[in-house]
Amino acid sequence: MPTSSYLRACLGTVLSASFMLTACTAQSPPSVQPNSSYQNPNALDPTTITYTGLEKVDMTDYKAPAKELNHKKVDPPPFPTQLEGQAAEGPTHTGQIPLAPQQSQPAPPSPSAELAPKKAKQPDKPSRTTALQQNQNHNKKRLTLSQLIKKYPDLLLLHGPMGSNKVALTFDDAPDTKYTPQVLNILKKYNVKATFFVVGRLVEKHPGVVRRMAQEGHVVGNHTFNHSLLTRISDEQFQAQVNRTQKLLKSTIGYTPKLLRPPYGEISESQLLWATSHHFTVVNWNVDSKDWKQLDQAQVTANVLNHAKAGSIILQHSGGGPEQNLSGTVSALPTIIESLQSRGYHLVTLPELLKVSKQQ
């Protein structure tokens, strides 16, 4: 082997050993600083190496050291002097092993916030009209019918003068084409005048029957348009029903009635006062035939004759629902007329008994 080649092989072996020694010392640095005056007696001085007697080194299987051993010096990140979320005046940690950075967490709610009651959802504010109606309903205690009669004896009439010999026959829920004509026929036969409280929607259906009432001398009164229970509807609805029926009767019989009878005899205080202020005479009854229960002739007759007296206002019906049977009323009417007349009573209309006009 040429001398130059041999020297290059020896030099490569020395450099490889030196490189591996440097890598190992980089991984395990000494805990103390080396003494600069110390010299390793085994260290090789390249200037004094003799190559005589050295064997050839085979570099075929030589592998370069892993790249990760070729570390670069990286300065550690400076440790923060103030931890996140820590007060500024808190202790610092300079010089200690740095901690892993903490993720910011949302602040827990305060006990007062957790214990504070949640505000309930406020309901929608009622309209002004609704609020006024509710206030009126709360401020005014509803009076019963007997309380109304006691409080307003001159506004809600039940009978006429007790000292007279007059009695009034009244018929509600007219007209229809089945029972009302039969009642009219009987009254005509006995030449008796009566008072009919008509329902507006039925007047629209049977205007001819209502005109016959007026033509034969009977008095027509207002019984609202739909026969509603007035204490369950608003005052505005009540007034609208009454006024609608008034206009309808004006065009049918030529006058607007003064007499008003609430369906079922029920009316509120405000409705009664409104009706009076609009020149109505509100009339109920003090003798109930109870024919609306579809009683037979004997029962209807007994209910009337056992309670009738001077000044009485007698309630009967000449119309009703499609299923209602008023044959007991029709059959009992001749006996009632004859019996009352035999007792000396004159059967008259309500305007004559109460001494009021039939029209406004």
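Heavy atoms only: backbone and side chains are in, while hydrogens, waters and symmetry mates are out. Nothing fancy with the numbering, it's 1 onward along the sequence.
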So, His317 versus Asp291: side-chain donor-acceptor pair below 3.5 Å or not? yes
Out of curiosity, His218 NE2 to Leu184 CG, how far, rounded to the nearest 0.5 Å? 5.0 Å
If two hydrophobic side chains count as joined below 4.5 Å and joins carry through other members, does Leu158 share a cluster with Val356? no
Suppose the criterion is ring pair (Phe, Tyr, Trp, His ring centres under 6.0 Å): which pairs have a residue in residues 339-360, not counting sequence neighbours? none
I'd like to check Trp274 versus Gln239 (side-chain heavy atoms, cut-off strictly below 4.5 Å). Are they in contact? yes
Per side chain to side chain contact (heavy atoms under 4.5 Å, CB included), Leu148 is matched among Ile267, Val282, Leu155 by Ile267
Distance (rounded to the nearest 0.5 Å) between Glu352 CD and Lys358 NZ: 12.5 Å
So, do His159 and Lys309 sit near enough that their side-chain heavy atoms are less than 4.5 Å apart? no
How long is the gap from CD on Glu266 to CG on Leu145, to the nearest 0.5 Å? 5.0 Å
Are the side chain of Gln182 and the backbone of Lys178 linked by a donor-acceptor contact shorter than 3.5 Å? yes
Could Lys258 and Phe280 be counted as a cation-pi pair, given that NZ or CZ must be under 6.0 Å from the ring centre and within 45° of the axis? no
When you compare the side chains of Asp235 and Ser270, does any donor N or O come within less than 3.5 Å of an acceptor on the partner? yes
Ser164 (side chain) donor-acceptor with Pro161 (main chain) under 3.5 angstrom: yes
Are Val300 and Leu305 connected in the hydrophobic side-chain network, where two residues link if heavy atoms are under 4.5 Å apart? yes
Heavy-atom donor-acceptor pair, Gln294 side chain to Asn325 backbone, under 3.5 Å: yes
Can you tell if the side chain of Gln246 reaches within under 4.5 Å of the side chain of Pro257, non-hydrogen atoms only? yes
Could you tell me the separation between the CG atom of Asp288 and the NZ atom of Lys293, rounded to the nearest 0.5 Å? 8.0 Å
Would you mind writing out the side-chain donor-acceptor pairs for residues 187-198 within the sub-3.5 Å range, not counting sequence neighbours?
from, atom 1, to, atom 2, distance (Å)
Tyr190, OH, Glu338, OE2, 2.5
Lys193, NZ, Glu216, O, 2.9
Thr195, OG1, Leu350, N, 3.1

Are any non-hydrogen side-chain atoms of Arg211 and Thr252 less than 4.5 angstrom apart? yes
Does Leu272 form a side-chain contact (heavy atoms from CB on, under 4.5 Å) with Leu156? I'd like the steps, not just the answer. CA-CA 8 Å; Leu272 176 62; Leu156 184 54; 4.3 Å; yes
Do the side-chain N and O atoms of Gln271 and Ser268 include a donor-acceptor pair separated by under 3.5 angstrom? yes
Any side-chain heavy atom of Val167 sitting closer than 4.5 Å to one from Ile314? yes
Polar contact flag, side-chain donor to acceptor under 3.5 angstrom, Ser228-Asn226: no
So, does Ser331 use its side chain to make a donor-acceptor pair with the main chain of Gly328 at under 3.5 Å? no
Phe225 ring centre to Arg244 NZ or CZ under 6.0 Å, with the angle to the axis within 45°? yes
Step by step, work out the side-chain contact (heavy atoms from CB on, under 4.5 Å) result for Lys150 and Gln147. CA-CA 5 Å; Lys150 184 177 181 179; Gln147 290 173 331; 5.7 Å; no
Between Arg261 and Thr170, is there a side-chain donor-acceptor contact under 3.5 Å, judged purely by atom types and distance? yes
Hey, could you give me the CG/OH distance between Leu333 and Tyr179, rounded to the nearest 0.5 Å? 14.5 Å
Contact check, side chains of Thr335 and Gln297, non-hydrogen atoms, under 4.5 Å: yes
State, yes or no, whether a side-chain contact exists between Val283 and Leu354 at a heavy-atom distance under 4.5 Å. yes
When you look at Asn284 and Leu157, which way does the side-chain contact (heavy atoms from CB on, under 4.5 Å) test go after all the steps? CA-CA 6 Å; Asn284 273 352; Leu157 304 180; over 6 Å; no
Are Glu269 and Arg142 ion-paired here, with the side-chain N under 4.0 Å from a carboxylate O? no
Do Leu249 and Val199 belong together in a cluster built from hydrophobic side chains that touch within less than 4.5 Å? no
What residue among Val219, Leu169, Leu259 forms side chain to side chain contact (heavy atoms under 4.5 Å, CB included) with Thr349? Val219
Trace of the side-chain contact (heavy atoms from CB on, under 4.5 Å) decision for Leu295 with Asn303: CA-CA 10 Å; Leu295 304 179; Asn303 288 338; 3.4 Å; yes
Side chains of Pro334 and Ile186: closer than 4.5 Å at any heavy-atom pair? yes
Has the side chain of Ser251 got a donor or acceptor atom that lies under 3.5 Å from a matching backbone atom of Leu248? yes
Ser289 backbone acceptor or donor facing Gln316 side chain under 3.5 Å: no
Cluster check Val287, Leu347: I/L/V/M/F/W/Y, side chain < 4.5 angstrom: yes
Residues two or more places apart in sequence or in another chain: which of them pass side-chain hydrogen bond (donor to acceptor under 3.5 Å, both in side chains) with Asp173? His223, His227
Could you tell me whether the side chain of Asn286 and the main chain of Ile313 form a donor-acceptor pair under 3.5 Å? yes
